[in-house]
*Asks:* 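The structure that follows is given in the form of structure tokens.
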Amino acid sequence: MKYEYKKEPELYTPIMMRIISKRDLTSDVRFFQLVPTEEYKHLNLDYKPGQFMMLSLFGTGEAPFSISSSPARKGIFEFAIRKTGKITNKIFELKDGDQLGLRGPFGNGFPIERMLGKDIIIVAGGLGAAPLRSLLLYILDNRELFGRLIYLYGARNIDDMLYKPDFTEMLQSDQLELHLTVDKGNEGYENEIEEGLVTHLFKYVSDIDPKNTIACVCGPPVMYKSVVKEILKYNLEKDKILLNLERRMKCGTGKCGHCIIDYRYTCIDGPVFTYWDVIHMRELI
Amino acid sequence: MRALKLSKKDEIKLYDVLKEFGEVWAPVPKGSKYVYAKIERKEDLVIHEECILPIIPVKKFLMPPDFTMLKFTPSKYSIPEEDIPTTVVVGVPACDIHAVNILDKFYTTDYVDNYYMKRREKLIILGKSGTPGENCFCHKSNTNIVEEGYDLFFFDLGDYYLVWVGSEKGDDIVRKGADIFSEEVPKDVSKKFVEFRKNRNKSYTNNVDLEGVTDLMELNYDAPFWDEFGDKCLACGQCTMVCPTCTCFNVIDDLALSGETGERRRYWDSCMFKDYSLVAGQHNFRESKAERLKLWYTHKLKAFIGHFGSPSCVGCGRCIETCPVDINVVTVVEKLKG
């Protein structure tokens, strides 16, 4: 049997990146900015909001991370990474100038073509604000291509809120309708940040045109059911509710099997699924 | 497609012809079972009358159980040069060729996996139709007849083999062995061929009925028998290792003692293992054995249809032979039918 197969790019060989800056977003989430060590290579790396990359640390391993930067801002790749296991512990030890590998981008990402001209509701929970930042920045960078932009963000507490200075500043912006909340304890931020679950913020969401609106949700697994329930109250069609999900993966190319849900691979057919998918694949959320 | 004759008296000369093309591998006995092993002497190349299903199927040639993807230092990596020998594997039953066809589809859809393709190009498959074993049910999974995916395919018609040529490489082999492969096929070949197929179809003893299992998987999503199977399951993963269409793998980095250099290895994984669906923060999407078993059977009997148009169970019966606690396609289908 004879096949034509591409010699380049090799799917499983990472592009080497260099850390150019990093800062702590919370006590256990750090923000990293990366550029390719061979700078011409970034030209080959285009991506969509909602896609992810396999981050590779030789000697420790690989893991998938959502891209946090906007594809409209070329050349720099940003990630918000929570320290939670073997690989992320090692990543937290890295200094500016240190190298790591990136493979990808993988996954479907948000269907930007379908979202053009539409009103967009974004609902983020906890670390879900990391992948949704890519979408948020992309929409802000191309503001005239979209309708209303409503952004709801809930974190566990004040200290766990990602990009807090950015968000509190954005509250003044006329570019979006932004509402922030924490599950408990908003002391010192009473004017900017509510107290209560993210679902409480839907009281600010009104005059939704269900035919012309797309909702994008990302957060911890427990959040999806309650948030989707709120969104359904606006009579949005089920394929206009988009959920950005997380699964274990080892390849990103639909081969290693770990991210499979029924006949869909999270790395190929996701990580952005519609609520219609969720109804038909019971393991999804 | 054309068919030639190989007299059984010339069978002994087959090895020398195949050797011209690469390493020759065939099933050889090991304990009470068979394994694919490299054949070093022509008298060791035996074409068996019955279907031989080695414990580990053809996939072992195409995705080694464990191999090095790349070697690295902290800041650089290289892809090891591999010298993959051309391998002629002899005596592959129809079901296992169907499995290779499924693997071909799987590894070339969405993204092409070069590690697989490099090996696939070096594999020559000589298939053989034989008497089904007690666990075989390929007649029920529609994988008892093979139309593509082999280079040569043998039917035992008494004192000769009818050899179908299925590819260019297969054609090269019969040309190289022109003195043993004859264009002069006996006149009564059609009669004998029909007879062979008829007898073969009659000799199945495992008549598990797969009709409607796709829908039954859906209807039984919450059925209590999954928990019963889950309680029995040892999560040993043997079913996935012996399944000719199981492809899951894990990737890890192995550091040398110096702590500086090492290699990235890819090795067979199993969806029966507890950490298969474990993500960051210790959240496990498939904590229970019942959930993991259900995933496997969903993938074999239902999900693959959504992806590739046919189920990924080829009816080889290896899971029946292998599972120490009797969880297999037959016992699961029995429960599915209620």
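Just so we're on the same page: letters track the sequence lines, and every chain starts at 1.
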*Asks:* Counting heavy-atom pairs under 4.5 Å to chain A, which of B/Ile252, B/Asp269, B/Thr73 comes out on top?
*Replies:* B/Asp269
*Asks:* May I ask you to establish whether B/Arg264 and A/Tyr12 are in a cation-pi arrangement, using a distance under 6.0 Å from NZ or CZ to the six-membered ring centre and at most 45° from the ring axis?
*Replies:*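 No.
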*Asks:* For chain A, which of B/Glu263, B/His283, B/Arg286 has the most heavy-atom pairs under 4.5 Å?
*Replies:* B/Arg286
*Asks:* Heavy atoms, side chains only, cut-off 4.5 Å: are A/Thr13 and B/Met69 in contact?
*Replies:* no
*Asks:* Checking an interface table here. Which of residues 242-251 of chain A come within a heavy-atom distance under 4.5 Å of chain B?
*Replies:*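 Against chain B, the residues of residues 242-251 of chain A that fall inside the cut-off (heavy atoms, under 4.5 Å) are A/Glu246, A/Arg247, A/Arg248, A/Lys250, A/Cys251.
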*Asks:* Give the C-alpha distance, both sets of side-chain angles, the deciding distance and a yes or no for side chain to side chain contact (heavy atoms under 4.5 Å, CB included) between B/Thr298 and A/Asp262.
*Replies:* CA-CA 7 Å; B/Thr298 301; A/Asp262 205 304; 4.2 Å; yes
*Asks:* Do A/Met16 and B/Tyr77 come within less than 4.5 Å of each other through their side chains, counting heavy atoms only?
*Replies:*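 Yes, side chains in contact.
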*Asks:* Heavy-atom distance under 4.5 Å to chain B: side chain of A/Ile87, backbone, both or neither?
*Replies:* neither
*Asks:* Using a 4.5 Å cut-off on heavy atoms from C-beta on, say whether the side chain of A/Gln99 contacts that of B/Lys76.
*Replies:* no
*Asks:* For A/Lys238, look at atom NZ and say whether over 12 heavy atoms of other residues, nucleotides or ligands are found less than 6.0 Å away.
*Replies:* no
*Asks:* With a 4.5 angstrom heavy-atom cut-off, is it the side chain or the backbone of A/Thr253 that approaches chain B, or both, or neither?
*Replies:* both
*Asks:* What option among A/Leu100, A/Asp269, A/Asp98, A/Leu57 has the most heavy-atom pairs under 4.5 Å with chain B?
*Replies:* A/Leu57
*Asks:* For A/Gly61 versus B/Asp253, what's the shortest heavy-atom pair and its separation?
*Replies:*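 The answer is N-OD2, 3.2 Å.
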*Asks:* Would you call the rings of B/His299 and A/Tyr265 parallel, tilted or perpendicular, where under 30° means parallel and over 60° means perpendicular?
*Replies:* perpendicular
*Asks:* Answer whether the closest heavy-atom distance between the side chains of B/Thr247 and A/Cys256 falls below 4.5 Å.
*Replies:*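 Side chain of B/Thr247 against side chain of A/Cys256, heavy atoms only: no contact under 4.5 Å found.
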*Asks:* Using the ring-ring contact (aromatic ring centres under 6.0 Å, His included) rule, pick out the option among B/Tyr276, B/Phe285, B/Phe249 that qualifies with A/His258.
*Replies:*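 The ring-ring contact (aromatic ring centres under 6.0 Å, His included) with A/His258 is passed solely by B/Tyr276 among B/Tyr276, B/Phe285, B/Phe249.
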*Asks:* Any non-hydrogen side-chain atom of A/Ile268 less than 4.5 Å from a side-chain atom of B/Tyr111?
*Replies:* yes
*Asks:* Just wondering, are more than 12 heavy atoms of other shown residues or ligands nearer than 6.0 Å to CZ in A/Arg114?
*Replies:*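 For A/Arg114, atom CZ is crowded (more than 12 foreign heavy atoms under 6.0 Å).
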*Asks:* List the atom of B/Cys248, the atom of A/Gly257, and the distance in Å for their closest heavy-atom pair.
*Replies:*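 Scanning both residues completely, I find the closest heavy atoms to be SG-CA, 3.6 Å.
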*Asks:* Please determine if A/Lys255 and B/Asp110 form a salt bridge, counting it only when a charged side-chain N lies under 4.0 Å from a carboxylate O.
*Replies:*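 No, this pair does not count.
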*Asks:* Counting only non-hydrogen atoms closer than 4.5 Å, does A/Pro221 touch chain B with its backbone (N, CA, C, O), its side chain (CB onward), both, or neither?
*Replies:*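 A/Pro221 touches chain B through side-chain heavy atoms alone.
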*Asks:* Heavy-atom distance under 4.5 Å between the side chains of A/Phe58 and B/Thr261, does that happen here?
*Replies:*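 Result no, sub-4.5 Å side-chain heavy-atom pair not found.
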*Asks:* Using non-hydrogen atoms and a 4.5 Å limit, figure out which bit of B/Phe72 sits close to chain A: side chain, backbone, both or neither.
*Replies:* side chain
*Asks:* CG of B/Leu257: more than 12 outside heavy atoms within 6.0 angstrom?
*Replies:* no
*Asks:* So for B/Lys302, is it side chain, backbone, both, or neither that comes closer than 4.5 Å to the heavy atoms of chain A?
*Replies:*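 Just the side chain, heavy atoms under 4.5 Å.
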*Asks:* Given side chains that start at C-beta, do those of A/Ile260 and B/Leu295 come closer than 4.5 Å, heavy atoms only?
*Replies:* yes
*Asks:* Heavy-atom distance under 4.5 Å to chain A: side chain of B/Asn284, backbone, both or neither?
*Replies:*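 Contact with chain A involves no heavy atom of B/Asn284 at all.
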